[in-house]
Amino acid sequence: MIEHLSKLKYQSTKMSQNHASDVTIATSSDYSRKVGYIFEERYMWHDPWIISWSPLLQPFQHWEHAETKRRLHNLLVVSKLYDKLVHLKGFKSASKSDIELVHTSRHIEDIQLRSSRMEGGTADESTTTFSQYAYEIASLAVGGAMHAVEKVMQKEVDCAYVLCRPPGHHAITDAGMGFCLFNNIAIAAKYLLKIYPETIQKIAIVDYDVHHGNGTEEIFYNDPNVLFISIHQDSNFPINSGHIHDIGGNDAEGFNINIPLPPGSGSGAYQYVFEKVVTPALHSFQPDFILVSSGFDASYADPLSAMILSSDDFRFMASSLIQSSNELCHGRIVFMHEGGYSESYVPFCGAAVIEAMLGLEDKEDIIQDPFLTEVTGWGGQGLQGHQKDVVDQVAQLQYL
């Protein structure tokens with residue numbers, strides 16, 4: 001197995017040497033970065049049902065409601081960050097054949113049928129509810145993801161952020177789950193590999209959403225052309241998913257990397273993950289394009305996790321990934337919004353990522369996070385021994 005994995009990684013590096021050698025490394029100080037931005041009002045109309053888990057509990061609003069994303073968009077507008085972005089408009093909904101790059105016809109038609117009903121439907125048996133016209137909105141989310149990567153390939157923008165709903169990284173080939181109907185980022189990756197076979201031969205997908213990107217993992221588990229890295233809270237959602245030893249199947253061993261961090265992980269743990277695993281893995285793989293599942297539910301304020309990240313931590317992760325894209329693949333990187341359920345804190349975390357994409361660093365140029373002093377002052381932000389042990393185990397297993 002060791003020889004097999006080493007051979008695959010050697011082949012992966014050799015495949016990209018021809019194009020990697022002529023990459024001009026660009027940093028934020030070298031040029032004014034053109035950052036594309038995808039937003040569509042209809043994304044905000046996706047409306048999961050109200051949830052009630054007990055006959056004794058008053059029903060409450062579904063976690064994946066529009067407010068976190070709308071508040072992020074509004075913060076960009078009122079802070080004038082919105083004016084610094086290239087607004088990517090005029091994109092269409094993905095066609096059924098586009099969605100079939102990843103999903104089965106049965107799954108697509110099932111969502112289409114259920115969302116045509118007045119009462120909407122469900123994509124699984126638990127939390128993935130949706131209202132009427134969800135198919136149209138989910139198809140538009142996929143269309144936005146495809147449009148963003150296309151504009152990067154056409155060099156109309158250097159990179160892009162897709163603020164869409166519903167999210168996608170939990171959706172598997174033949175079913176939706178975890179609030180996700182179609183896997184936006186996986187379809188965008190398949191689209192790139194199909195449309196640009198000479199330029200885009202290998203894609204890295206980095207997922208820092210706090211929940212394991214099980215759908216993306218399933219879709220690419222046997223594909224050596226896609227490196228998938230998931231940084232998530234250990235066994236949060238889905239239960240029994242995202243194990244360290246799930247490293248890829250068939251001829252793709254070593255191209256699936258799970259980093260299941262213990263609950264309570266903060267700045268130190270995530271910085272160590274990037275130092276020991278994420279950055280070395282990207283450099284070993286030498287991708288032609290980097291896609292990011294950008295979820296903000298690892299923040300200290302999120303109701304669906306037990307992590308303690310601040311907006312500065314998301315800024316750090318975004319900056320690190322952007323730097324890797326500059327060094328490895330002509331700066332080709334697109335961030336796609338996933339989870340994050342704190343109405344008060346998602347906006348500041350999302351803005352920090354977009355500021356990093358714009359190359360904004362001076363204090364007077366960035367939005368001041370009013371909660372930053374509180375969260376950075378929490379105990380346990382430094383790297384803990386049990387967290388380090390997990391990361392070291394992943395690095396050893398992956399020969400990094």
Side-chain angles (χ1 to χ4, degrees), residues 1-16 169-170 172 185-186 189 202-287 290-293 295 298 305 307 317 320-321 324 328 382-400:
M1 176 177 166
I2 294 176
E3 291 181 358
H4 177 64
L5 182 56
S6 298
K7 181 180 179 182
L8 281 172
K9 290 197 172 184
Y10 172 77
Q11 291 173 337
S12 174
T13 302
K14 289 293 286 183
M15 284 174 63
S16 288
H169 72 147
H170 292 308
I172 59 177
I185 202 165
K202 297 188 300 174
I203 295 174
I205 301 176
V206 180
D207 186 336
Y208 54 66
D209 187 285
V210 81
H211 306 109
H212 177 232
N214 64 294
T216 311
E217 175 181 275
E218 182 244 24
I219 291 160
F220 295 112
Y221 200 69
N222 297 307
D223 189 345
N225 299 311
V226 176
L227 170 68
F228 178 58
I229 305 174
S230 180
I231 313 161
H232 50 273
Q233 182 181 320
D234 186 15
S235 204
N236 181 316
F237 181 89
I239 301 296
N240 296 321
S241 180
H243 301 299
I244 287 176
H245 293 282
D246 295 336
I247 62 172
N250 295 340
D251 292 329
E253 289 188 2
F255 297 104
N256 191 84
I257 302 177
N258 285 318
I259 310 161
L261 290 173
S265 296
S267 297
Y270 277 78
Q271 290 173 17
Y272 193 63
V273 164
F274 272 74
E275 174 191 342
K276 294 288 289 186
V277 178
V278 176
T279 301
L282 290 173
H283 280 255
S284 174
F285 185 66
Q286 295 279 312
I290 297 175
L291 299 173
V292 184
S293 277
S305 77
M307 299 306 211
M317 290 191 285
S320 297
L321 293 169
S324 290
L328 300 171
L383 177 64
Q384 310 296 307
H386 65 298
Q387 299 162 356
K388 183 178 184 294
D389 289 344
V390 171
V391 180
D392 288 343
Q393 185 179 353
V394 174
Q396 182 177 13
L397 181 66
Q398 297 288 347
Y399 307 100
L400 297 170

Practice task
Evaluate the side chain to side chain contact (heavy atoms under 4.5 Å, CB included) criterion for residues Gln398 and Ile247: first the C-alpha distance (whole Å), next the side-chain angles of each, then the deciding distance (0.1 Å), finally the verdict.
Solution key: CA-CA 8 Å; Gln398 297 288 347; Ile247 62 172; 3.4 Å; yes
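With sequence neighbours left out, the ring pair (Phe, Tyr, Trp, His ring centres under 6.0 Å) criterion links Tyr272 to no other residue. For His170, the ring pair (Phe, Tyr, Trp, His ring centres under 6.0 Å) partners at least two apart in sequence or on another chain are Phe237. Residues satisfying the side-chain hydrogen bond (donor to acceptor under 3.5 Å, both in side chains) criterion with Asn236, sequence neighbours excluded, are His211, Gln233. Every side-chain contact (heavy atoms from CB on, under 4.5 Å) that Val277 has, sequence neighbours left out, goes to Ile257, Ile259, Val391, Val394, Ala395, Leu400. In this structure Ser324 satisfies the side-chain contact (heavy atoms from CB on, under 4.5 Å) test together with Thr279, Leu282, His283, Ile290, Leu328, sequence neighbours excluded. Here Tyr208 pairs with Phe314 under the ring pair (Phe, Tyr, Trp, His ring centres under 6.0 Å) rule; sequence neighbours left out. Every residue meeting the side-chain contact (heavy atoms from CB on, under 4.5 Å) condition with Gln384, not counting sequence neighbours, appears here in chain and number order: His386, Gln387. Judged as a side-chain hydrogen bond (donor to acceptor under 3.5 Å, both in side chains), and not counting sequence neighbours, Ser265 has no contacts. Take His232 and apply the ring pair (Phe, Tyr, Trp, His ring centres under 6.0 Å) test, not counting sequence neighbours, and it matches His212. By the side-chain contact (heavy atoms from CB on, under 4.5 Å) test, Asp234 is found to be paired with Pro260, residues two or more places apart in sequence or in another chain being considered.
Among all heavy-atom pairs drawn from Gly213 and Ser230, the shortest one is N-OG, 3.5 Å. The two residues Ile219 and Ala186 come nearest to each other via the heavy atoms CD1-CB, 3.8 Å. Nearest heavy-atom pair across His243 and Asn258 is O-ND2, 3.0 Å. Nearest heavy atoms, Pro224 versus Asp251: CB-O, 3.7 Å. Nearest heavy atom pair, residue Leu227 against residue Gly254, reads CD1-O, 4.1 Å. Of all heavy-atom pairs spanning Ala252 and Tyr221, the tightest one is CB-O, 3.6 Å.
Of the candidates Val278, Ile231, Leu383, Tyr270 forms a side-chain contact (heavy atoms from CB on, under 4.5 Å) with just one, namely Ile231.
Contact check for Val390 versus Pro262: side-chain heavy atoms found under the 4.5 Å cut-off. Put simply, the side chain of Phe228 reaches to within 4.5 Å of the side chain of Asp207, judged on heavy atoms. The shortest distance between side-chain heavy atoms of Phe255 and Phe220 does not fall below 4.5 Å. In this structure, the side chains of His245 and Leu397 come closer than 4.5 Å at one or more pairs of heavy atoms.
Evaluation of the salt bridge (charged side-chain N to carboxylate O under 4.0 Å, His left out) test over residues 382-392, restricted to residues two or more places apart or in two chains, returns Lys388-Asp392.
Side-chain atoms of Asn256 come within 3.5 Å of backbone N or O of Asp246 as a donor-acceptor pair. Under a 3.5 Å cut-off, the side chain of Asp223 and the backbone N or O of Asn225 do form a donor-acceptor pair.
For the atom pair OG1 of Thr216 and CD1 of Ile205, the computed distance is 5.5 Å after rounding to the nearest 0.5 Å.
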